[in-house]
Amino acid sequence: MSDTESEFLAQRFEAHRAHLRAVAHRMLGSAAEADDAVQEAWFRVSRADTTRVDNLGGWLTTVVGRVCLDMLRSRKSRAEESLDATMPRPAASTSVPGSARGSVSADGTDPEQDALLADSVGVALLVVLDTLTPAERLAFVLHDLFGVPYEEVGAVVDRTPTAARQLASRARRRVRGAEVPGAGRTRPRRQREVVDAFLAAARDGDFEGLLDVLDPDVIARTEAGVATGAAAVARGAATYGSLAAVARPGLVDGATAVLVLVGGRVERALKFAFVRDRIAVIDIVTDPQRLSRLDVRPA
């Protein structure tokens, strides 16, 4: 590929970046991981022959889908890992460019609007999506949220279109059956109170107190793995014990968070999401590169 062709491909990829990030964000539930997935997709695309690709928007969506599927499968394989060593410790958008919908240039759809529409899916759905298998999650997200035809979904998961339809249908039933009334409506002040109670219970080793503020299906995610269920997360939270003394309230990407500062810099961040006044998701970020991409602000 010549330099001119490479530059042209990069420009076309950038035109679709917001949409691709929205797809990856909904697949992975993490803004930082979504950025990583989109970057990996670009590496794959830059090495591929795109001369016969008629619909770049749809093709790129399937590329990102494959990247996310690999990441979800890798995450699933680590799901049983203990978080004891990775919990923080104190230190000294519905219309999209796709195969059936046309590209941005063809039908005038707005990638930024796609991202906003995709991000409007609530925390409760994110929690439910984490209970699906990687293939179910991909089928549901690509088809139901982004309108990708079953033929292309099937190609990503190496299934027939009929099997892809069954995956999406099964995921859809689970999502509808697990909808939580009032999800995501916990007020900011109440969120702060719940997080303070969580830290206090962790500091005191109060297992029952931790269970009181954790949703039964809570998810705790770190770079090393995932823990699910109140009991597992409460056991792992024992490592938060002395964190309460050095933690500071804050916001990460607009969400209620706890920040651990070392020398005036954020060393790790804990971002919380809530369902019915309980903690439903804890995203724990310690990697410096991921931290640098977060929008971190004092409360």
Side-chain angles (χ1 to χ4, degrees), residues 21-22 25-26 28-35 87-88 90 93 112 115-130 178-204 206 208-222 226-228 230 233-234 236-237 240-262 264-286 290-299:
R21 188 178 184 278
H25 192 183
R26 205 46 50 212
L28 300 169
S30 162
E33 285 185 303
D35 288 335
M87 286 290 192
S93 231
E112 294 293 344
L116 291 174
L117 289 170
D119 287 343
S120 69
V121 178
V123 168
L125 178 57
L126 276 180
V127 173
V128 177
L129 289 179
D130 273 318
E179 287 178 346
V180 181
R185 298 177 184 173
T186 306
R187 295 180 179 180
R189 180 177 296 180
R190 177 56 182 158
Q191 291 180 2
R192 184 78 263 149
E193 293 172 352
V194 172
V195 170
D196 289 343
F198 171 79
L199 291 174
R203 180 192 60 214
D204 297 337
D206 182 0
E208 293 300 323
L210 287 167
L211 294 181
D212 285 342
V213 296
L214 294 173
D215 185 83
D217 297 318
V218 62
I219 296 164
R221 296 188 289 239
T222 74
V226 180
T228 60
V233 173
Y240 283 107
S242 54
L243 181 62
V246 296
R248 298 291 181 269
L251 296 174
V252 172
D253 294 337
T256 297
V258 166
L259 310 175
V260 177
L261 304 178
V262 175
R265 300 180 62 183
V266 178
E267 186 195 51
R268 46 180 53 80
L270 289 70
K271 183 170 67 170
F272 298 87
F274 302 83
V275 169
R276 293 185 300 191
D277 284 1
R278 288 190 172 190
I279 296 170
V281 181
I282 309 173
D283 272 314
I284 305 160
V285 182
T286 60
R290 290 186 64 199
L291 285 170
S292 68
R293 296 199 296 266
L294 298 177
D295 179 12
V296 176
R297 302 181 184 182

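Keep in mind the model is a prediction, meaning the values are calculated, not measured.
- Here the closest non-hydrogen pair linking Arg248 and Leu261 is CG-CD1, 4.3 Å.
- In this structure the side chain of Leu294 never reaches within 4.5 angstrom of the side chain of Arg290, judged on heavy atoms.
- The shortest heavy-atom contact between Val252 and Ala269 is CG2-CB, 4.1 Å.
- The nearest pair of heavy atoms linking Phe272 to Ala257 is CD1-CA, 4.1 Å.
- By the neighbour-count criterion of 12 heavy atoms within 6.0 Å, atom CZ of Arg293 is densely surrounded, having more than that number from other residues, nucleotides or ligands.
- Looking at heavy atoms from C-beta onward, Asp283 lies out of side-chain contact with Leu270 at the 4.5 angstrom threshold.
- Here the side chains of Asp35 and Arg21 are in contact, with some heavy-atom distance below 4.5 Å.
- Within the 4.5 Å cutoff, side-chain heavy atoms of Phe274 are placed close to those of Thr256.
- Residues Phe198 and Ile282 meet the side-chain proximity criterion, which asks for heavy atoms closer than 4.5 Å.
- Contact of the Val285 side chain with the Lys271 side chain is not registered, since no non-hydrogen atoms from C-beta on lie closer than 4.5 Å.
- Taking each heavy atom of Val194 and Asp277 in turn, the nearest pair found is CG2-O, 3.6 Å.
- Here the closest heavy-atom approach between residue Thr286 and residue Leu291 is recorded as O-CD1, 3.8 Å.
- A pairwise comparison of heavy atoms in Leu211 and Arg278 identifies O-NH1, 4.0 Å as the closest pair.
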- Item | Evaluation steps, side chain to side chain contact (heavy atoms under 4.5 Å, CB included), between Leu210 and Val233 | CA-CA 9 Å; Leu210 287 167; Val233 173; over 6 Å; no

